[in-house]
Amino acid sequence: MNDRAGSMRDAFLLEDGVAYLNHGAYGATPRTVLAAADEWRRRLEAQPVRFMQNELPKRLRATAARLAAFLGARGEDLVFVDNATAGVNAVLRSLELRPGDEVLTTTHVYGAVRKTLNYVATQTGIAIVEAVVPFPVSGEDEIVAAVVERFSPRTRLLSIDHITSPTAVIFPVKRIAQAAKARGITVLVDGAHAPGMIDLDIPAVGADFYVGNCHKWLFAPKSCGFLWAAPGAQARIHPLVISHGYGGGFLAEFDWTGTRDPSAWLAVNTALDFVDTIGADVLRDRNRVLMLEAIDLITARWGTIAGAPPALLGTMAAIAVPTDRGRFRSAAATWDSAIAIHDYLWQEHRIEIPVPLFNDRLWVRISAQIYNHIGDYRRLADALAA
Ligand SMILES: Cc1ncc(COP(=O)(O)O)c(C=O)c1O
């Protein structure tokens, strides 16, 4: 396994000597996929009018159809956006919400989405409610109960993360969406990390809107997100940029939001080819086995815990930082400590890893991707134990 991972590292542009344990942040794109994006840009520039007006509409739809099929969906329900943030913003800023309405999210919500929710609240007079989902967390039931108990007669929208950013927990979104829909609540799932990390059937989630990134776990170039909308919900939303397609329906409105570089979206084909050459299941299983091995190694060395059991983890995990031993023993649970630990790991050990502060505790969030091997995690375990 590790020999294969070693050779796969050459498929990426990652710097030598770095233990890159933060695939979750921005992904990392294989050379072949970057070359494909370059090639699309060249084709565009060879005859910009022909490309933009004749080729792009068809190619974009064909790529959307292939991506949708990978996600269990139909191409006509999926549009490309620049990133998950743009998709979430398009939904939150389109829905008609009135003063007194409540939007429910959780304490694990991605920080930029929390800011978007607060912005919408100041614009519309709605209230944002955050369900407190425990962390560490022991199982699905705890998550479902924490969310469901915060539904109220005023809840209009549930904005829920599929795989949480600071804590790396897979939320049981299907169960939660079902409970919300039974109460007539609109459901938006932020699945920024899900495509490629877990086996995903988007329509089966049962949400009205599902947003994802291809530049994280699907190996696409940056600026590649998507927005899926259930057929009956499509007329309720519009892109953040209104352009020629306005009034023409979901696809027309989102497919053209002004002149822009579509190369990242078109290169999704090559990103999916990259996944196919390894096998989506093989890739996921390999990375998950590596991550579970890494959790055992690190928690044993540090005498700490992972924040969630394996059943709630994909290929990322939050592990508590040891504060009773090692270089950061008795570090206060503050953002200053988090930054100091991050910078120490990078500057002294060339380990790139996020150090979130969550529930008054410092964590590291490990990622496992095809270019990682167990030695990367041993290096992390040693660095903070020393
Ligand atoms: C849950 C979640 N939502 C949204 C985002 C934002 O992704 P992007 O910066 O690609 O918009 C992230 C990024 O890590 C995330 O974890």
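Indexing begins at 1, ligand by ligand and atom by atom, following the structure's order. For the single chain, residues carry numbers from 1 onward in sequence order.
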J.: Got a sec, which residues hit side-chain hydrogen bond (donor to acceptor under 3.5 Å, both in side chains) with K181, two or more places apart in sequence or on another chain?
T.: D208

J.: Salt bridge or not for D273 and R66, using N-O below 4.0 Å?
T.: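 Yes, D273 and R66 are salt-bridged.
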
J.: Can you tell whether the side chains of R288 and D285 come within less than 4.0 Å, N to carboxylate O?
T.: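 Between D285 and R288 there is no salt bridge, as every charged N stays at least 4.0 Å from the carboxylate O atoms.
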
J.: Please identify each residue that fulfils ring-ring contact (aromatic ring centres under 6.0 Å, His included) with H342, with sequence neighbours left out.
T.: none

J.: Are R236 and E96 close enough for a salt bridge, meaning some N to O gap below 4.0 Å?
T.: no

J.: Supply the members, apart from L34, of the Ile/Leu/Val/Met/Phe/Trp/Tyr cluster built from side-chain contacts under 4.5 Å; use none for a lone residue.
T.: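 In the cluster with L34 are L13.
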
J.: Between ligand 1 and the protein, give all atom pairs where both partners are nitrogen or oxygen and the distance is under 3.5 Å, as lines of names plus distance to 0.1 Å.
T.:
residue, atom, partner, partner atom, Å
ligand 1, 3 (N), D190, OD1, 3.2
ligand 1, 3 (N), D190, OD2, 2.5
ligand 1, 7 (O), N213, ND2, 3.3
ligand 1, 10 (O), N213, ND2, 2.8
ligand 1, 10 (O), H215, NE2, 2.8
ligand 1, 11 (O), N83, OD1, 3.4
ligand 1, 11 (O), A84, N, 3.3
ligand 1, 11 (O), T85, N, 2.8
ligand 1, 11 (O), T85, OG1, 2.5
ligand 1, 14 (O), K216, NZ, 2.7
ligand 1, 16 (O), H193, NE2, 2.8

